[in-house]
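Proteins come first, then strands; the chains are lettered A, B, ... in the order of their sequence lines, and each starts at number 1.
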Number of protein chains: 2
Amino acid sequence: MAELSGKQLQILDFLRSFIGDKDYPPSIRDIQEGCAISSTSVVDYNLRKLEEKGLIRRDREVSRGIEILGSRGRRPRVVEIPVLGSIAAGQPIPVPSSERWANDTEDTVVVTDDMIKGRANVFALRVKGTSMIDDLIDDGDIVFLEPCQAAQDGDKVAVWLKDRGEVTLKRFYREGGRVRLQPANSTMKPIYTTADNVEIQGRFISSFRPSA
Amino acid sequence: MAELSGKQLQILDFLRSFIGDKDYPPSIRDIQEGCAISSTSVVDYNLRKLEEKGLIRRDREVSRGIEILGSRGRRPRVVEIPVLGSIAAGQPIPVPSSERWANDTEDTVVVTDDMIKGRANVFALRVKGTSMIDDLIDDGDIVFLEPCQAAQDGDKVAVWLKDRGEVTLKRFYREGGRVRLQPANSTMKPIYTTADNVEIQGRFISSFRPSA
DNA sequence: GATCCTTACGAACGGATGTTCGCGAGAACT
DNA sequence: AGTTCTCGCGAACATCCGTTCGTAAGGATC
């Protein structure tokens with residue numbers, strides 16, 4: 001019972017490629033044609049079998065109401081995250097409001113939502129430089145950030161230095177009336193500045209290192 | 001022209017939530033009901049507008065032929081990658097053949113394919129321990145690996161140590177007839193073993209660090 | 001006011017699509 | 001041989017669903 005017939009495998013493959021191509025499921029007649037099956041009822045029969053075996057889910061009476069279930073019967077929830085730019089690149093970074101961002105984002109990455117712990121409005125930046133190397137963040141890494149206004153001492157945050165007109169990723173410490181932005185790199189010195197010169201853009205959530 | 005009317009925003013949101021819920025696009029009448037619109041032609045009109053603005057793509061004469069386009073008008077190509085287990089966890093890891101892997105994988109992550117440089121059969125492992133800390137790979141990181149049989153000196157590879165029955169992530173060096181597995185951690189010593197005791201499972205491609 | 005554009009409404013048309021039913025071939029079992 | 005189950009075929013049916021057409025309200029322009 002656990003085994004799939006050749007026709008069922010063929011249908012499953014067709015489902016995957018069709019959805020991968022068009023982003024919506026095929027109709028039964030699409031499957032019929034795509035798999036060279038003579039009758040719609042044969043397709044229906046095999047779809048029922050696939051549903052019995054837990055590989056797909058069907059909504060009755062609904063056109064194209066087919067859903068491929070993931071490896072575990074679950075569908076991974078994915079989030080598209082805009083890569084807004086490079087950090088410490090000399091340009092202010094537009095913080096995405098809670099609104100939908102405009103389509104002017106250069107690039108995006110897609111990750112499962114557990115990679116960002118289901119947080120909302122997460123955005124990403126490319127890291128330039130090795131100022132956070134001791135926190136295991138390298139040049140070229142992509143960091144995921146959560147928008148926030150305030151920060152606690154020791155948080156890794158992206159801050160906009162108004163006087164320099166640039167954004168940088170550092171650990172954040174409040175010291176009296178001043179702010180210390182501490183790189184995680186023993187060869188670099190912290191930046192001291194006033195509280196009203198910094199604008200916190202986001203707090204570090206997670207990071208990704210692309211292949212070299 | 002770039003602005004979206006309230007109704008168009010509402011439809012777009014409905015599209016997203018419907019697809020997120022059911023995994024197939026809504027019909028025009030689904031949208032009509034979901035957005036409390038009085039006529040199907042109004043839905044059609046606004047869908048045309050959304051298509052003109054490049055936010056969706058429609059297949060004419062096809063039921064539910066709606067596809068949400070990504071931020072840049074492109075659909076991101078995503079890959080589902082199985083997380084096969086934890087590395088250095090004492091268990092041999094089944095290397096995925098080029099066949100479809102069985103549905104017994106515990107967990108998966110979804111990433112854009114440029115995150116793995118379009119490679120095939122990539123799989124992932126959770127890192128236990130800090131033996132690669134100097135290569136900026138921490139405990140808890142997820143590493144993406146590409147199946148391979150051989151390795152070059154200095155490659156970061158996951159190897160199965162047959163005598164210990166465990167898998168570990170180390171840098172690989174061939175030294176005479178022996179193999180040196182070098183941790184990237186100054187407090188740890190390399191493992192020396194014979195070539196026939198190691199079985200290379202995969203080569204390091206990239207890594208991801210979840211939020212703490 | 002005249003004209004045009006955008007947005008909206010409601011109904012009807014026709015094609016697309018899931019479902020069902022009768023029929024039959026082949027295999028396994030009694 | 002008889003029975004049952006699986007798998008497949010073809011056609012018909014009812015509904016689902018995209019499309020189109022006539023109409024109209026509101027705003028902008030001249």
Side-chain angles (χ1 to χ4, degrees), chain A residues 1-69 100, chain B residues 1-69 75:
Chain A
M1 177 47 153
E3 287 312 306
L4 281 71
S5 76
K7 200 160 289 191
Q8 283 157 22
L9 268 181
Q10 191 187 5
I11 290 178
L12 209 51
D13 274 344
F14 180 77
L15 276 177
R16 279 192 238 276
S17 75
F18 191 100
I19 295 177
D21 185 32
K22 313 246 192 176
D23 242 30
Y24 52 78
S27 70
I28 284 190
R29 282 172 181 83
D30 287 335
I31 300 173
Q32 179 190 359
E33 193 173 350
C35 296
I37 293 173
S38 56
S39 170
T40 60
S41 61
V42 178
V43 179
D44 183 65
Y45 171 78
N46 284 291
L47 285 180
R48 279 176 198 275
K49 288 299 173 187
L50 286 173
E51 191 175 22
E52 280 174 17
K53 293 171 187 176
L55 293 170
I56 63 172
R57 197 177 62 77
R58 291 180 76 192
D59 277 3
R60 299 303 162 84
E61 316 262 338
V62 170
S63 73
R64 303 173 190 273
I66 303 175
E67 174 183 353
I68 299 187
L69 295 176
R100 56 216 98 256
Chain B
M1 181 44 156
E3 287 311 306
L4 281 71
S5 76
K7 201 161 287 189
Q8 283 157 22
L9 271 180
Q10 191 187 3
I11 290 178
L12 209 53
D13 273 345
F14 180 76
L15 276 178
R16 279 192 237 276
S17 75
F18 191 99
I19 295 177
D21 186 31
K22 313 245 192 174
D23 241 32
Y24 53 77
S27 69
I28 285 191
R29 283 171 179 84
D30 287 336
I31 301 173
Q32 179 189 359
E33 192 174 351
C35 296
I37 293 172
S38 56
S39 169
T40 59
S41 61
V42 179
V43 179
D44 183 64
Y45 170 78
N46 284 291
L47 286 180
R48 279 175 198 275
K49 288 298 173 189
L50 286 173
E51 190 175 21
E52 279 174 19
K53 294 172 188 175
L55 293 170
I56 63 172
R57 197 178 62 78
R58 292 179 75 192
D59 276 3
R60 299 304 160 85
E61 314 261 337
V62 170
S63 73
R64 302 173 190 273
I66 303 175
E67 173 184 354
I68 299 187
L69 296 176
R75 184 153 37 100

Nearest-Å distance for atom pair CG/C1', residues A:D30 and D:dC16: 15 Å

First-last contacting nucleotides on DNA chain C - partner chain A, under 4.0 angstrom, heavy atom: C:dT17 to C:dC21

B:D59 CG to D:dC17 C1', straight-line distance once rounded to whole Å: 15 Å

Exercise: do B:R64 and A:S63 side chains pair donor with acceptor under 3.5 Å: yes

Verdict with supporting geometry, B:I66 and B:I31, side chain to side chain contact (heavy atoms under 4.5 Å, CB included): CA-CA 11 Å; B:I66 303 175; B:I31 301 173; 4.0 Å; yes

Ion pair A:K49/A:E52, N-O distance below 4.0 Å: yes

Euclidean distance, atom CZ of residue A:R29 to atom C1' of D:dC17 [Å, nearest integer]: 14 Å

Any B:I68 side-chain heavy atom under 4.5 Å of A:D23 side chain: no

Closest non-hydrogen atom pair between A:C35 and A:F14, with its separation: SG-CB, 3.7 Å

salt_bridge(A:D44, A:R58) N-O dist < 4.0 Å: yes

Within 6.0 Å of CD in A:E51, more than 12 heavy atoms from elsewhere: yes

Side chain proximity check, B:I19 to A:Y24, heavy atoms < 4.5 angstrom: no

Residues from residues 31-47 of chain A lying under 4.0 Å of DNA chain C - heavy atoms: A:T40, A:S41, A:D44

Nearest-angstrom distance from the residue atom CD1 of A:I28 to C1' of D:dA12: 15 Å

